Amino acid sequence: MDIAYFLTLVLVFFIHTNKALRLKNVVPITKGQIFPKPQLQITYDTQNVLNKNEFRFEYAKGSQICDVVSMAFNRYYKMIFGSRLLRHKEKEKNLSTIKKLTLMVHESCEQYPSLESDESYNLEIANSIANLESKTLWGALRGLETFSQIIVESEDGSLVINNTLINDFPRFNHRGILLDTSRHYIRPSIIKVHLDAMAANKMNVFHWHIVDDQSFPYVSSSFPDLSKKGAYNPYTHVYTSDDVKDIIEYARLRGIRVVSEFDTPGHTLSWGKAIQILTKCYSGGKPNGDFGPIDPTNNQTYSFLETFLRELTTVFPDKYLHLGGDEVDFSCWQSNPEISEFMKKKGFGQDYSKLEQFYMQNLLDLINKVSPKTGYIIWQEVVDNNVVVKPDTVVEVWKDPWPEELSMVTKLGYRALLSTCWYLNYISYGDDWKKYYKCDPYDFPGTNEQKNLVIGGEACMWGEYVDGSNVITRTWPRASAVAERLWSAQNVTDISDAQGRIEEHRCRMIRRGIKAEPFNGSGHCEYEVDL
């Protein structure tokens, strides 16, 4: 037999039987594995099939019926069945068919998620039956995400799901991502993709670092000149009140809190273009034309802040505001003779951290005045400089050595967040997600009582080198490593186990239109990115 003819016959046979040899990824991709990993999961070999024209979501008798969940039913139906790439072939094998997922939500519907929200759920798939149960609607959202992840497309194009039992809940209540929209403006449409990715990773806090030195894109109803004079472009590079409401609502429907940050007294140069509250810097005893942090000695500062804070507590519904307080440069204060005189009258000497403490204390008093129920998050420097804050203050630790800082903060009795080891803007070649995966918020010296004060953490994407063109790819799926660390059990630390699951999860996000970058080496997804 001619060798070429023989090889052709072999190739045709492989193609016909759909068993052609395939090149494999450097990291083998799992199939139907959940990310982040649930607290308890038992998967059986028995499979069930789902048909697009037969399947539906429904509430159990006696369940609470919530608008957020009803809209999630539609969203997840489209995610499961709506891809134009699915083949939607009927399964010819003798398998049970799951025609519905029945949901029981026990507690009344809340309008917004909170730090205290219960996100636990139980999911059971058993021989044509699918039941999801949760205390709250927020747990229902997490369960729907899990349900969508364990449905897989089989070789013949049908959608199948194994009999499965899952009991799941998050390890930490605060699982956030900081996104900086000041250094580069990011359009609301891109922020929504980011929120979709957060929901796919069961992350629940969008820390919106909305303004900074570089620009002031937030359109204030009380002080419209802030964005008119402080934004890169007051018409195209701003977040209007409608934009902000739309983003908050989009996040709410995915069980995500929006915590806004308006960082002061530093990081405020863009504010000073409209409001005369910045410190004048001096050289040789004369103003040199530069400006520094907010001037704590100026009475106008506090009248402005009172009005502005009242607006913010109305616009952003979350209980918490992030008040910043980091990286205050004292050099401009030191150069200003009026501030030097104020320091002398107050008995501060040359200790400018006392002036910062004076400012922060006034700021916190204003928060308590305009909205006593509002809590606040601050960067660690505020506590490092001995500012007296409310007992329920949340302190975000971002500097090294973070274990010692977390130990100190929690020893003082404050709740804490960790972000130090999750600065995603520090990029490197290769699979750098592994270092994020290894970082654990409990790895600091302290008692059990201290560790219970750590309520979670945040991955941070600062905006010096990202904008709408690359922020999604640079953030995801690297942030997925942080998501699993904050959701899954403390003993879920096996990188070799996580590799295949996070690779599958990246492909899952690609299929959903989230352009998560490759980060495990050479390979492919069945559904690749398209323009």
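What you see is a predicted model, and the numbers here were worked out from it, not measured in a lab. Here, residue 1 is the first one in the sequence, and each next residue gets the next number.
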**Message:** Pair T493, Y437 - check side-chain hydrogen bond (donor to acceptor under 3.5 Å, both in side chains), show working.
**Reply:** CA-CA 8 Å; T493 57; Y437 195 78; over 6 Å; no

**Request:** Apply side-chain contact (heavy atoms from CB on, under 4.5 Å) to M408 and D384, showing your working.
**Result:** CA-CA 9 Å; M408 183 273 290; D384 291 345; 3.2 Å; yes

**Asked** After noting the C-alpha distance and the side-chain angles of N122 and E133, does the key distance pass the side-chain hydrogen bond (donor to acceptor under 3.5 Å, both in side chains) rule?
**Response** CA-CA 5 Å; N122 293 309; E133 183 177 11; 4.7 Å; no

**Asked** Can T268 and T264 be said to form a side-chain hydrogen bond (donor to acceptor under 3.5 Å, both in side chains), step by step?
**Response** CA-CA 6 Å; T268 50; T264 67; over 6 Å; no

**Item:** Y185 vs Y239, ring pair (Phe, Tyr, Trp, His ring centres under 6.0 Å): CA-CA, chis, key distance, verdict
**Value:** CA-CA 9 Å; Y185 178 78; Y239 302 106; 4.8 Å; yes

**Derivation and outcome, side-chain contact (heavy atoms from CB on, under 4.5 Å), residues R187 and D467** = CA-CA 9 Å; R187 294 194 178 281; D467 62 7; over 6 Å; no

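Applying the 6.0 Å contact sphere to CG of N448 captures no more than 12 heavy atoms from other residues, nucleotides or ligands. Counted within 6.0 Å of NZ on K390, heavy atoms from surrounding residues, nucleotides or ligands total more than 12; the atom is thus considered enclosed.
A donor-acceptor pair under 3.5 Å is formed between the side chain of R506 and the backbone N or O of A516. Formation of a donor-acceptor pair under 3.5 Å by the R75 side chain with backbone atoms of L253 is found in this model. Without hydrogens or angle criteria, S419 side chain to V397 main chain gives a donor-acceptor distance under 3.5 Å. Distance alone, capped at 3.5 Å, places no donor-acceptor pair between the N385 side chain and the V387 backbone.
The closest side-chain heavy-atom distance from F262 to I210 is below 4.5 Å. Taking 4.5 Å as the limit, every side-chain heavy atom of L123 sits out of range of all side-chain heavy atoms of T164. Within the 4.5 Å cutoff, side-chain heavy atoms of I166 are placed close to those of I34. Contact annotation: the side chain of N48 never approaches that of L95 to less than 4.5 Å [non-hydrogen atoms, C-beta and beyond]. In this structure, L178 and W208 have side chains that are not in contact, with every pair of non-hydrogen atoms separated by 4.5 Å or more. The closest side-chain heavy-atom distance from E396 to H322 is below 4.5 Å. Looking at I248 and Y112, their side chains come closer than 4.5 Å, going by heavy atoms from C-beta outward. Contact of the P38 side chain with the W487 side chain is not registered, since no non-hydrogen atoms from C-beta on lie closer than 4.5 Å.
Sorted by first and then second residue, the disulfide bond (SG atoms under 2.5 Å apart) pairs with a member in residues 464-531 read C507-C525; sequence neighbours excluded. Screening residues 37-48 for salt bridge (charged side-chain N to carboxylate O under 4.0 Å, His left out) gives K37-D497 as the qualifying pairs, with residues at least two apart or on separate chains. For residues 417-438, the pairs satisfying salt bridge (charged side-chain N to carboxylate O under 4.0 Å, His left out) are D431-K434, D432-R478, with sequence neighbours left out. Each salt bridge (charged side-chain N to carboxylate O under 4.0 Å, His left out) pair with one or both residues in residues 197-216, not counting sequence neighbours, appears once here: R183-D212. Note on residues 112-123: pairs passing salt bridge (charged side-chain N to carboxylate O under 4.0 Å, His left out), not counting sequence neighbours, are D118-K135, E119-R142, E119-R175.
For the residue pair D156 / S158, a side-chain donor-acceptor distance below 3.5 Å is found, with atom types taken as modelled. In summary, the side chains of T43 and N162 do not present any donor paired with an acceptor at a separation below 3.5 Å, with no hydrogens or angles considered. In the model, W138 has a side-chain atom that pairs as donor or acceptor with a side-chain atom of E110 under 3.5 Å. A side-chain N or O of Q450 and one of T410 form a donor-acceptor pair less than 3.5 Å apart. Of the N and O atoms on the side chains of Y320 and T374, not one donor lies less than 3.5 Å from an acceptor on the other residue. A donor atom on one side chain and an acceptor atom on the other are not found under 3.5 Å apart for Q64 and H106.
For the pair K100 and F57, the cation does not sit on the ring face, since its NZ or CZ is not both under 6.0 Å from the ring centre and inside 45° of the axis.
Residues that satisfy the side chain to side chain donor-acceptor pair (under 3.5 Å) test with R254, not counting sequence neighbours, are D196, Y250. Take R508 and apply the side chain to side chain donor-acceptor pair (under 3.5 Å) test, not counting sequence neighbours, and it matches Q149, E504, H505. Annotation: salt bridge (charged side-chain N to carboxylate O under 4.0 Å, His left out) contacts of E484 (sequence neighbours excluded): R501. Residues passing the salt bridge (charged side-chain N to carboxylate O under 4.0 Å, His left out) test with D67, sequence neighbours excluded: R252. Residues forming a salt bridge (charged side-chain N to carboxylate O under 4.0 Å, His left out) with E449 (at least two apart in sequence, or on another chain): none. By the side chain to side chain donor-acceptor pair (under 3.5 Å) test, Y376 is found to be paired with no residue, residues two or more places apart in sequence or in another chain being considered. Residues passing the salt bridge (charged side-chain N to carboxylate O under 4.0 Å, His left out) test with R485, sequence neighbours excluded: none.
Going from atom CD of E517 over to atom OG1 of T475 covers 9.0 Å, rounded to the nearest 0.5 Å. Atom-to-atom distance recorded for H524:NE2 and I510:CD1 is 12.5 Å, nearest 0.5 angstrom. In this structure, CD1 on I151 lies 7.0 Å from CG on L159, to the nearest 0.5 angstrom.
Here the rule is side-chain hydrogen bond (donor to acceptor under 3.5 Å, both in side chains) with W398, and of E405, E381, Q380, E458 only E381 fits it.
Remark: aromatic rings of F519 and W433 are close, center separation under 6.0 Å. Residues F73 and Y77 keep their aromatic ring centres 6.0 Å or farther apart.
By the 30° and 60° cut-offs, the orientation of the rings of F172 relative to Y442 is perpendicular.
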